[in-house]
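Report on the structure given below.
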Amino acid sequence: MAAAAPTRRDADRTRSWWGWGYTDAQPDDAECAALGALLPGTLSRPLPVPRVADLSIGRPAVTPPTSLTHLVTADPEARAAHAQGKAYRDIARALRGRPARLPDLVAHPHCDQDVADLLHWAGEHQVAVIPFGGGSSVVGGVEYRGDAHRAVLSLDTTRMDRVLEIDHTSRSARIQAGALGPALEDQLRPHGLTLRHFPQSFEFSTLGGWLATRAGGHYATGRTHIDDFVQSLTVITPAGTGTSWRLPASGAGPSPDRLFLGSEGTLGVITEAWMRLQQRPRHKSSAAVAFADFGRALDAVRDIAQSDLAPANCRLLDPGEALLAGASRDGSSILVLGFESATAPTDAHLEAALDLARAHGGTTPPHDAPGTPTPPDSPGAPSPRNASTTAVDAWRSTFLRMPYLRDGLARMGAVVETFETATTWDRLPALVDAVRTEIGHAAQKATGHQATINCRLTHVYPDGAAPYFTVAVAGRPGDEVAVWDDIKAVAADVLHHHRATITHHHAVGRDHRPAYDLQRPHPFALALQATKDALDPHHILNPGVLID
């Protein structure tokens, strides 16, 4: 069954070329100053918002053939907006007027043949191709580094944004990879269906980006990574186009889909996917649990993760993170719990999870009346289950606003960035302690200021969890990127020492490449290199990511 055309949301709003999200949602100067006042040592006034007009933008080094000119632009605004992602170091470089190398051209293909034609031309003319979805990368995944290519082409897939076909019988859909999260869900909603994948970047990231980076969604247990929803992929490579069979499962050799999931645009361009869908949930319940001791909170979360309850949301905030989110002001750690279902009330599951939390010293406010079934239009929206939903609401509001606040602090000269990982439960407490201690020393050494280091658990599994760390410290004026690079190097060393992954859901990109080289087995690196050589013989696809 064919689906309707995507709804064009926020058509009149302008995306920021240098920072997160929309320009009208960015903190103004007064809010930036108020944020800076919370972090000793920051600037007395915010850095000005950077302008494309102030950048030195040269002429493109190549000219596309007439057959491709309708797909390609050299517009300065487009080139600036496609030069880099949205990591702290991207924001800091732009604020100082030193963004990453701008692409020579930006392409907007409309179909698979357009992609194939662009790759063919680029291969013949030594043009690097950087696949680009929503541009929300926080690991240097969409910028070009080096000088090995004649020119750089940013290949923006967002014109390929339709849900092409829905199979209600199998509850799945064929979707173009350039669909941004809201446009994708808008097309599924009339059918009562959802992909149920809501990363923090949901509004500004695409299905293809999620697939290429093995993105993790908002939900804390069960099917959390985009991998879990894939039936089939269509991928265009310089060596040809391939589509895997659409199957519920298969034991036929190594999975062709697994080869391209997480390949980050280095082996091919994902243009379509058949994705498993779900009915939209009608029943929701939420609660927040306070813990005086973070260690006991970890034990509670482990018990919940090892039960069969499978909460949709199971986020543990340490005291600093809880304070930042407005979920707690008394030094407590806060566990945000949420359940949802399309078919049955969820109150009993929530009660069972709360009992496990209370057994480890967790406390909850008195209950209100049970919640009523509600149609969700946003991930993690709580029903009026109990009084603690005020903490849940506070957390969710801050969660969505945080990238904008990060930009505001960056304008005050602060170094504010996050990194995430995953490790087994037996290693988790020592890892959290080591991060706080060693990153704190590194930040003090680099800046002369004491850093704020917060931790939250974003995803939990029976055998481990994904801690997510936030680091904030006043930077050295004009040298903020170098400060973060020094801190980041220490963070990578700590993760490696504790056998924690360099990334749980943010991808490898260029920033994590050194640590990724140490983490992967050598025989796998050899196989990946051979695959790159076979599929991309001219080495034009996202050079420097994952493999040389």
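Predicted model only: the values in this text are computed from it and were never measured.
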Q) With a 4.5 Å heavy-atom cut-off, do Met275 and Ser172 have their side chains touching? A) no
Q) With a 3.5 Å cut-off and no angle check, do the side chains of Gln176 and Thr271 form a donor-acceptor pair? A) no
Q) Hey, what do you get for CD1 (Ile334) to CG (Leu317), rounding to the nearest 0.5 Å? A) 7.0 Å
(Q) Can you tell me how far apart CG (Leu546) and CG (Leu267) are? Round to the nearest 0.5 Å. (A) 7.5 Å
Q) Can Glu340 and Thr346 be counted as having a side-chain donor-acceptor contact under 3.5 angstrom? A) no
Q) Take atom CZ in Arg499; do more than 12 heavy atoms of anything else shown fall under 6.0 Å from it? A) no
**Q.** Reference residue Thr421; test side-chain contact (heavy atoms from CB on, under 4.5 Å); the match among Leu431, Thr503, Val494, Val435
**A.** Leu431
Q) What's the shortest heavy-atom distance between Ala212 and Ile270, and which atoms? A) N-CD1, 4.1 Å
Q: Check step by step if side-chain contact (heavy atoms from CB on, under 4.5 Å) holds for Asn313 and Leu337.
A: CA-CA 5 Å; Asn313 201 359; Leu337 284 170; over 6 Å; no
Q.
Do Thr452 and Val473 make a side-chain contact, defined as non-hydrogen atoms from C-beta onward lying under 4.5 Å apart?
A. no
Q.
Any side-chain to backbone donor/acceptor pair from Thr224 onto Ala220? Under 3.5 Å, distance only.
A. no
Q: Would you check, one step at a time, whether the test side-chain contact (heavy atoms from CB on, under 4.5 Å) holds for Val289 with Leu354?
A: CA-CA 8 Å; Val289 187; Leu354 291 174; 3.4 Å; yes
Q.
Per the side-chain hydrogen bond (donor to acceptor under 3.5 Å, both in side chains) rule, what does the pair list look like for residues 256-270, sequence neighbours excluded?
A. Asp227-Arg258, Ser244-Asp257
Q: Step through the shown structure and confirm whether more than 12 heavy atoms of other residues, nucleotides or ligands are within 6.0 Å of CD on Gln450.
A: no
Q: Assess the side chains of Ser205 and Trp210: does a donor N or O sit below 3.5 Å from an acceptor N or O?
A: yes
Q. Is the closest basic N to carboxylate O distance between Arg13 and Asp24 below 4.0 Å?
A. yes
**Q.** Atom of Asp90, atom of Ser137 and distance for their closest heavy-atom approach
**A.** OD2-O, 4.0 Å
Q: Answer yes or no for Arg296 and Phe291: cation-pi contact, defined as NZ/CZ to six-membered ring centre under 6.0 Å and angle to ring axis within 45°.
A: no
Q: Compare all side-chain heavy atoms of Leu298 with those of Leu457 and state whether any distance is below 4.5 angstrom.
A: yes
**Q.** Salt bridge Arg513-Asp517, side-chain N to carboxylate O under 4.0 Å
**A.** yes
Q.
Between Ser332 (side chain only) and Ala292 (backbone N and O only), is there a donor and an acceptor less than 3.5 Å apart?
A. no
Q: Would you tell me whether Asp318 and Ser333 have side-chain atoms, one donor and one acceptor, within less than 3.5 Å of each other?
A: no
Q | salt bridge (charged side-chain N to carboxylate O under 4.0 Å, His left out) involving Arg223 - partner list, sequence neighbours excluded | A | none
**Q.** From Leu335 atom CG to Ile304 atom CD1, the distance as rounded to the nearest 0.5 Å
**A.** 5.0 Å
(Q) Quick check: do Asp347 and His349 have side-chain heavy atoms less than 4.5 Å from each other? (A) no
Q: Mind running side chain to side chain donor-acceptor pair (under 3.5 Å) on Thr364 and Arg358 for me, showing each step along the way?
A: CA-CA 8 Å; Thr364 55; Arg358 293 185 189 108; 3.3 Å; yes
Q. When you measure from the side chain of Gln26 to the backbone N and O of Trp20, does any donor-acceptor pair fall under 3.5 Å?
A. yes
Q.
To the closest 0.5 Å, what do you measure between OG1 (Thr194) and CD (Gln279)?
A. 11.0 Å
Q. What is the distance from atom CG of Leu207 to atom CG of Leu180, rounded to the nearest 0.5 Å?
A. 10.5 Å
Q. Between the main-chain N or O of Ile502 and the side-chain N or O of Gln519, is there a donor-acceptor pair closer than 3.5 Å?
A. yes
Q: Examine the side chains of Thr458 and Arg315 and answer whether a donor and an acceptor come within less than 3.5 Å of each other.
A: no
Q) Do the ring centers of His197 and His225 come within less than 6.0 Å of each other? A) no
Q | side-chain contact (heavy atoms from CB on, under 4.5 Å) between Leu233 and Leu261, intermediate numbers included | A | CA-CA 9 Å; Leu233 297 179; Leu261 288 168; 4.3 Å; yes
(Q) One pair to check against side chain to side chain donor-acceptor pair (under 3.5 Å): Thr424 and Asp463. What are the steps and the verdict? (A) CA-CA 6 Å; Thr424 50; Asp463 52 345; over 6 Å; no
Q. Please walk me through it: do Val545 and Arg510 pass side-chain contact (heavy atoms from CB on, under 4.5 Å)?
A. CA-CA 5 Å; Val545 172; Arg510 293 165 177 82; 3.3 Å; yes
**Q.** Polar contact flag, side-chain donor to acceptor under 3.5 angstrom, Arg436-Asn454
**A.** no
**Q.** Taking every non-hydrogen atom, the tightest pair across Pro403 and Gln200
**A.** CD-NE2, 3.8 Å
**Q.** Backbone of Phe202 reached by a side-chain donor or acceptor of His218 within 3.5 Å
**A.** no
Q. So do Cys314 and Val301 actually touch side chain to side chain, heavy atoms under 4.5 Å?
A. yes
Q. Does any N or O in the side chain of Glu272 come within less than 3.5 Å of the main-chain N or O of Ser232, such that one atom is a donor and the other an acceptor?
A. no
Q) Below 4.5 Å, heavy atoms only, C-beta onward: do His459 and His505 meet side chain to side chain? A) yes
Q. So, Trp425 side chain and Pro462 main chain: donor-acceptor pair closer than 3.5 Å or not?
A. yes
Q. Out of curiosity, Tyr219 OH to Asp228 CG, how far, rounded to the nearest 0.5 Å?
A. 14.0 Å
Q: Could you check Leu277, Val163, Ile166 and say which one makes a side-chain contact (heavy atoms from CB on, under 4.5 Å) with His191?
A: Ile166
**Q.** Arg280 and Glu185 ion-paired at < 4.0 Å
**A.** yes
Q. Do side-chain atoms of Arg406 reach the backbone of Ile91 as a donor and acceptor pair under 3.5 angstrom?
A. no
Q: Report yes if the side chains of Ile439 and Val471 come closer than 4.5 Å at any heavy-atom pair, otherwise no.
A: yes
Q. Is a salt bridge present between Asp156 and Arg159, judged by a nitrogen-to-oxygen distance below 4.0 Å?
A. no
Q) What about Tyr22 and Phe204, are their ring centers closer than 6.0 Å? A) yes
(Q) Using a strict threshold of under 4.0 Å (side-chain N to carboxylate O), is an ion pair present between Glu31 and Arg401? (A) yes
Q) So, is the end of the Arg196 side chain (NZ or CZ) under 6.0 Å from the ring centre of Phe229 and within 45° of the ring's axis? A) no
Q. Do Arg427 and His498 touch side chain to side chain, with heavy atoms closer than 4.5 Å?
A. no
Q. Under 3.5 Å, is there a donor-acceptor pair linking the side chains of Tyr468 and Thr418?
A. yes
Q. If only atom types and distance count, is the side chain of Asp493 paired as donor or acceptor with the main-chain N or O of Val490 below 3.5 Å?
A. no
Q. Is there a donor-acceptor pair closer than 3.5 Å between any side-chain N or O of Thr437 and the backbone N or O of Asp433?
A. yes
Q: Report yes or no: is the cationic atom of Arg246 (NZ for Lys, CZ for Arg) closer than 6.0 Å to the six-membered ring centre of Trp274, at no more than 45° off its axis?
A: yes
